[in-house]
There are 2 protein chains.
Amino acid sequence: MFDFRQLRYFVTVAEELSFTRAAQRLYISQPPLSQQIQSLENDLGVRLLERNKRNVSLTEPGKLFLDQARQILDKAEEARALMADAATGFSGKLRLAYTVSVTFHPALPQMLLRYRRFAPQVNLMLSEMYTEQQYAALLSGDLDVGFVRDEPEHPGTARNIRLDVIDREPLVLALPTNHPLAARESIWLREVAMEAFVVQPRELAATLYDRLAQIAAKANFHPLIRQHAQQINGLLVLVAAGMGLALVPASMRSVNLNGVKYLRLEDPDAYMLLALASRADDTSPVLQRFLNVMTEPE
Amino acid sequence: MFDFRQLRYFVTVAEELSFTRAAQRLYISQPPLSQQIQSLENDLGVRLLERNKRNVSLTEPGKLFLDQARQILDKAEEARALMADAATGFSGKLRLAYTVSVTFHPALPQMLLRYRRFAPQVNLMLSEMYTEQQYAALLSGDLDVGFVRDEPEHPGTARNIRLDVIDREPLVLALPTNHPLAARESIWLREVAMEAFVVQPRELAATLYDRLAQIAAKANFHPLIRQHAQQINGLLVLVAAGMGLALVPASMRSVNLNGVKYLRLEDPDAYMLLALASRADDTSPVLQRFLNVMTEPE
DNA sequence: ACTACTTATACGAAATACGTATTAAAGCCC
DNA sequence: GGGCTTTAATACGTATTTCGTATAAGTAGT
């Protein structure tokens, strides 16, 4: 089988129409060049160059092969360039997930836009998933990175998940506008200790569930859970309907639902982290590049 | 720069997902396979395969490169196949010319058709040329092969022209229907020794011109030339107009011009050869194959 | 006819690839 | 859990390939 070297040699000779000049351009001596061309012709079973001791010209098959050789070399160079991009995380694909609550975070669209400008060749595949679903998908290899609301100290189920915190967001209390405390600006959670709460199931959003329990525990009460909703915006509907109060990230304020008021919480632990979850052993350049871009300040 | 071998090795490992099995399929031992893959990864600057001492898997860049490598190998194989065709004269291009008189030969279309069925990948470029024009074009490299009416003994101008005779055709005498001898079936040229003749200029069709002179000389007369025509069918128009008689190949009988009658010539030298002209030093497989097909009996 | 130039051949040296032997590490089996 | 098997990586000597120097052979121009 012929060789990339032989192709390069042949193209050079075909361009120069001289073995001597081609050898100079290739920084080799003339005899090995003759040998390689002979070997190539031998291998193909066709005479590519007509040499009559004085000048060199392309045979008809040689013209055909020159075209082919150039195409092959170009394709190889293209593949090399693609790999150079892949090595630095500028090409490839990235399967990205996010929880519903993240879609209300104002920074998400602009961060994704920034990344796209940075690495436009990366094929982004977005999907919406619950936090626990993301962890499972990461570990099974169906997902590369996910936006979650979790803490590095207790990452959901598995220990093979890496979390990079990219934002710390206050929690707010969502309550019906006809609630006695609705006129207030801020509140301590203990002031609504006797009220009912609506939450997401712990299996789907453990962190927010546990955070409510934790703040309540510090205030020496155990929250009464009356209703559940699968999605976080479903909670707000339940709040508007007067089914209870809800603890949600501050970015949910952007959801202007009739009958819902948001109060700042004074409790020091009333915050939530926005983090990027990925497999701890995933060294993919695309992922590393993505994490870099997302965690860098500007 | 990486190598075709390394690409083949990589593709095999990627297919088997095992260095050991891949090495067996490639009929080499496992260590050099590991070395070549390492060298390839080193060259590209990317880890293509993830090996964790128990199983091998493709990295994301590896998946991209597998696709690229397959494309490159396919392209190389394609080029090799094209050259195999070119070597046996089944692909390439062939610039072919013919004189006007040849277009009336009944065998020409069917021979070209046969060749096209035989080597459909060859790009045929046809053009009409005078015999001498063909010789000049052959020598200057503008033409590959031409249909001419000439004799191997005196091929026009140059000695670097090869002639392959493919047909020997009788000459006939074209004369006006109102001519006294028009009722005859055959004739000796000496019977019209005193008549005027119309011919093509000697610079354009030397053979036919010289042949007339030769037959006349054997009959001890020198033909009187009254008119000239550039093309052979132009001669027939002149004959119909009563401007003189003409000597033409028998295949011109297919031209049923009003006022023209064709008589068989009894003279033993009244024949003409149809031949293929090509450069004697042209070893192009396409040409050789064409000459073979044209000169073979069937 | 001689010189200058170009490609092909001969042969020894350097670089490269391969194979055998061995190591290291991980999963499997008892 | 310890030994066994399997798998990829490393070490090193050998074989192959490729390269360079020297030389030959042939052509065009002076």
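Note that the structure is a prediction, hence the values are computed from the model and not measured.
As a whole-Å value, the separation of B:Arg8 CZ from C:dA17 C1' is 13 Å. For the pair A:Leu40 CG and D:dT18 C1', the computed distance is 15 Å after rounding to whole Å. Look at OH on A:Tyr9: it is 8 Å from C1' on D:dT18, rounded to the nearest Å. If you take CG of A:Asp3 and P of D:dC19, they are 9 Å apart, rounded to a whole angstrom. Across the protein-nucleic acid pair, A:Asp43 atom CG and D:dT17 atom P stand 13 Å apart, rounded to whole Å. The CZ atom of B:Phe19 sits 17 Å away from the P atom of C:dA25 (whole-angstrom rounding). Taking atom CE on B:Met1 and atom P on D:dT18, their separation rounds to 17 Å, with Å as the unit. Distance B:Ile28 CD1 to C:dC18 C1': 8 Å, rounded to the nearest Å.
Relative orientation of the B:Phe118 and B:Phe90 rings is tilted, given thresholds of 30° and 60° on the angle between their planes. A perpendicular orientation is assigned to the rings of B:Phe290 and B:Phe147, their planes being inclined by more than 60° (bins at 30° and 60°).
Counting atom types as modelled, B:Gln35 pairs no side-chain N or O with a base atom of D:dA9 as donor and acceptor under 3.5 Å.
A 6.0 Å sphere centred on CE of A:Met125 holds no more than 12 heavy atoms belonging to other residues, nucleotides or ligands.
For B:Gln36, a side-chain nitrogen or oxygen approaches OP1 or OP2 of C:dC18 to under 4.0 Å. Regarding contacts with the backbone of D:dA9, a side-chain N or O of B:Arg51 is found under 4.0 angstrom from either OP1 or OP2.
By the 4.0 Å N-to-carboxylate-O rule, A:Asp144 lies too far from A:Arg279 to be salt-bridged with it.
Using a 4.0 Å heavy-atom criterion, one finds that B:Thr20 contacts the sugar-phosphate atoms exclusively. Across all strands shown, A:Gln38 has heavy atoms under 4.0 Å from sugar-phosphate atoms exclusively, and none from any base.
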Go through B:Gln214 and B:Arg211 one step at a time and tell me if the side-chain hydrogen bond (donor to acceptor under 3.5 Å, both in side chains) criterion holds.
CA-CA 5 Å; B:Gln214 181 205 334; B:Arg211 181 50 59 102; 3.1 Å; yes

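When distances are taken from the side chain of B:Ser34 to each of D:dA8, D:dT18, C:dT20, the shortest belongs to D:dA8.
Looking at which nucleotide of DNA chain D each of A:Gln30 and A:Arg5 is closest to, the 5′-most match is held by A:Arg5.
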